[in-house]
Amino acid sequence: MISVRHLDVSFGNVRAVSDVSFTVAAGDIFGLVGESGCGKSTLLRVLSGLNPHWTGSIEIAGRAIGPMRDKAFYRQVQMVFQDPFGSLHPRHTVDRTLAEPIAIHGLDNAEARIARALDDVGLGPRFRFRYPHQLSGGQRQRVAIARALILEPSILLLDEPTSALDVSIQAEVLNLLARLRTARDLTLILVSHNLAVVAHLCNRLAVMQGGAIVEEMTVDALRHGEPSHPYSRELLRASLGYHRAAGTS
Ligand SMILES: Nc1ncnc2c1ncn2[C@@H]1O[C@H](COP(=O)(O)OP(=O)(O)OP(=O)(O)O)[C@@H](O)[C@H]1O
Ligand SMILES: [Mg+2]
């Protein structure tokens with residue numbers, strides 16, 4: 001469903017993504033982990049069409065895509081950002097936020113689509129005319145997910161979708177995403193600095209360091225053995241809070 005080959009992205013002299021290649025099969029939940037500044041968001045922004053300055057090749061559903069995307073692309077690929085407060089317009093109701101993409105893409109049945117989207121993310125009709133400040137962080141992120149889903153995309157790109165949320169709410173939102181993946185037949189890429197979050201939701205993952213992918217593995221392999229790259233092992237210990245006798249505490 002997604003194929004990235006030799007992707008390079010630079011900001012002036014800073015090489016934010018360097019020679020990154022990976023593929024994601026339809027229906028997979030692919031995780032990208034790595035420390036702050038390693039290039040995760042840059043990679044997602046390129047995939048989602050927000051940053052046209054890259055080299056390499058990208059294919060979505062077998063079709064090569066360039067730096068500029070058409071309307072059809074945005075029906076197929078949607079992104080959810082880390083900060084649900086920042087990504088929702090403070091003076092727009094939930095209704096208006098959800099109605100906007102429907103109008104832009106000229107879709108019919110706006111009423112039914114909005115009702116279904118709210119239902120799908122576990123917010124009933126009573127949330128429809130609220131403003132972002134009248135919602136909790138978790139509810140705001142559900143609205144952001146509903147907005148991403150309203151165009152019925154096949155690919156959802158998630159940039160730290162739960163890291164601004166309380167720990168107790170994080171699992172709820174991750175479980176919601178897992179349910180939606182099955183119900184809506186989605187392919188997901190989940191970016192997180194937290195390996196535990198990625199292990200919870202994903203079936204495959206890539207570990208990034210300094211703009212490059214240093215290791216790729218299945219989550220099963222992660223659970224059943226130590227990752228082979230030293231940086232992945234370090235990340236695993238940090239994320240899972242391993243403080244064993246080896247002197248890491
Ligand atoms: N618009 C920009 N202009 C200049 N440099 C940028 C820009 N966006 C990102 N960078 C640089 O690119 C590198 C990768 O940044 P990126 O935001 O992709 O990291 P990240 O892995 O998402 O980090 P975090 O976990 O903190 O979100 C960093 O060195 C960053 O400073
Ligand atoms: Mg980021």
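Values below: all heavy atoms of this structure, side chains included; hydrogens, waters and symmetry mates excluded. One-based numbering, in listed order, for ligands and for the atoms of each. We number each residue from 1, following the sequence as shown. Remember, predicted model here, so these are calculated numbers, not experimental data.
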Asks: When you measure from atom 14 (C) of ligand 1 to every protein heavy atom, which one gives the shortest distance, and what is it?
Replies: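 For this ligand atom, the closest protein heavy atom is Gly37 O, 3.3 Å.
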Asks: For Asp28 and Thr187, what are the C-alpha separation, side-chain angles and deciding distance, and is it a side chain to side chain donor-acceptor pair (under 3.5 Å)?
Replies: CA-CA 5 Å; Asp28 259 7; Thr187 303; over 6 Å; no
Asks: To check you understand the geometry: which heavy-atom pair defines the closest contact between Asp159 and Ser41, and what is its length?
Replies: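 In terms of heavy atoms, the two residues are closest at OD2-OG, 2.7 Å.
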Asks: What do you reckon, does Val14 have a nitrogen or oxygen under 3.5 Å from a nitrogen or oxygen of ligand 1?
Replies: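 Such a contact does not occur with ligand 1.
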Asks: What protein heavy atom is closest to atom 6 (C) of ligand 1, reported as residue, atom name and distance in Å?
Replies: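 Its nearest protein heavy-atom neighbour is Phe11 CD1, 3.2 Å.
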Asks: Is at least one protein non-hydrogen atom found at under 4.0 angstrom from atom 4 (C) of ligand 1?
Replies: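 There is a protein heavy atom less than 4.0 Å from atom 4 (C) of ligand 1.
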Asks: Run the numbers for me: atoms of ligand 1, each under 4.0 Å from some heavy atom of Ser41, listed by number.
Replies: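 Going through ligand 1 atom by atom, the ones under 4.0 Å from Ser41 are 17 (O), 18 (O), 20 (P), 22 (O), 27 (O).
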Asks: For the residue pair Lys71 and Ile104, what are the closest heavy atoms and their distance?
Replies: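 Answer, listing the atom of Lys71 first, then Ile104: NZ-O, 2.8 Å.
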Asks: Do any N/O atoms on Cys38 end up under 3.5 angstrom from N/O atoms on ligand 1?
Replies: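 For ligand 1, there is an N or O atom that lies under 3.5 Å from one belonging to Cys38.
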Asks: Donor-acceptor pair, distance only, cut-off 3.5 Å: does the side chain of Glu215 make one with the backbone of His229?
Replies: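 Such a contact is found between Glu215 side chain and His229 backbone.
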Asks: Can you say whether the rings of His92 and His89 are parallel (under 30°), tilted (30 to 60°) or perpendicular (over 60°)?
Replies: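 If you compare the ring of His92 with that of His89, the planes turn out parallel.
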Asks: Please write down residue, atom name and distance for the protein heavy atom closest to atom 26 (O) of ligand 1.
Replies: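 The answer is Ser36 OG, 2.5 Å.
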Asks: Quick one: give me the number of protein N/O/S atoms under 2.8 Å from the Mg ion (ligand 2).
Replies: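 My tally for this metal is 1.
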Asks: Any protein heavy atom at under 4.0 Å, with atom 31 (O) of ligand 1 as the reference point?
Replies: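 Given the 4.0 Å limit, the answer for atom 31 (O) of ligand 1 is no, no protein heavy atom qualifies.
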Asks: Under 4.0 Å from a heavy atom of Thr42: which atoms of ligand 1 are those, numbered in the order shown and with their elements?
Replies: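 The atoms of ligand 1 under 4.0 Å from a heavy atom of Thr42 are 9 (C), 14 (C), 15 (O), 16 (P), 18 (O).
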Asks: Just to confirm my output: which protein heavy-atom neighbour is closest to atom 25 (O) of ligand 1, and how far is it?
Replies: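 Of every protein heavy atom, Lys40 NZ, 2.7 Å lies nearest to atom 25 (O) of ligand 1.
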Asks: Please work out, at 4.0 Å between heavy atoms, whether the side chain, the backbone, both, or neither of His193 comes within that distance of ligand 1.
Replies: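 For His193, no heavy atom sits under 4.0 Å from ligand 1.
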Asks: I'd like to know if the side chain of Ser21 and the backbone of His6 have a donor-acceptor N/O pair within less than 3.5 Å.
Replies: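 Answer holds: yes.
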Asks: Where the side chain of Ser154 meets the backbone of Leu186, is there a donor-acceptor pair that is under 3.5 Å apart?
Replies: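 Judged by distance alone, no pair lies under 3.5 Å.
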Asks: So, the side chain of Asn194 versus the backbone of Ala196: is there a donor-acceptor pair under 3.5 Å, distance only?
Replies: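 Yes: the side chain of Asn194 pairs with the backbone of Ala196.
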Asks: Measuring from atom 12 (O) of ligand 1, which candidate in Ala16, Ser10, Gly34 has the nearest non-hydrogen atom?
Replies: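 Answer by nearest heavy atom: Ala16.
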Asks: What pairs with Phe22 under ring-ring contact (aromatic ring centres under 6.0 Å, His included), at least two apart in sequence or on another chain?
Replies: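 Once residues adjacent in sequence are excluded, the partners of Phe22 under the ring-ring contact (aromatic ring centres under 6.0 Å, His included) criterion are Phe30.
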Asks: Under a single-linkage definition using a 4.5 Å side-chain heavy-atom cutoff for Ile, Leu, Val, Met, Phe, Trp and Tyr, are Ile114 and Leu107 assigned to the same hydrophobic cluster?
Replies: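 Linked within one cluster.
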Asks: Would you confirm whether Glu100, through its side chain, and Asp95, through its main-chain N or O, come within 3.5 Å as a donor-acceptor pair?
Replies: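 No; zero donor-acceptor contacts below 3.5 Å.
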Asks: Tell me, with the steps shown, if Asp8 and Arg15 meet salt bridge (Lys or Arg N to Asp or Glu O under 4.0 Å).
Replies: CA-CA 8 Å; Asp8 282 296; Arg15 200 149 179 220; 2.4 Å; yes
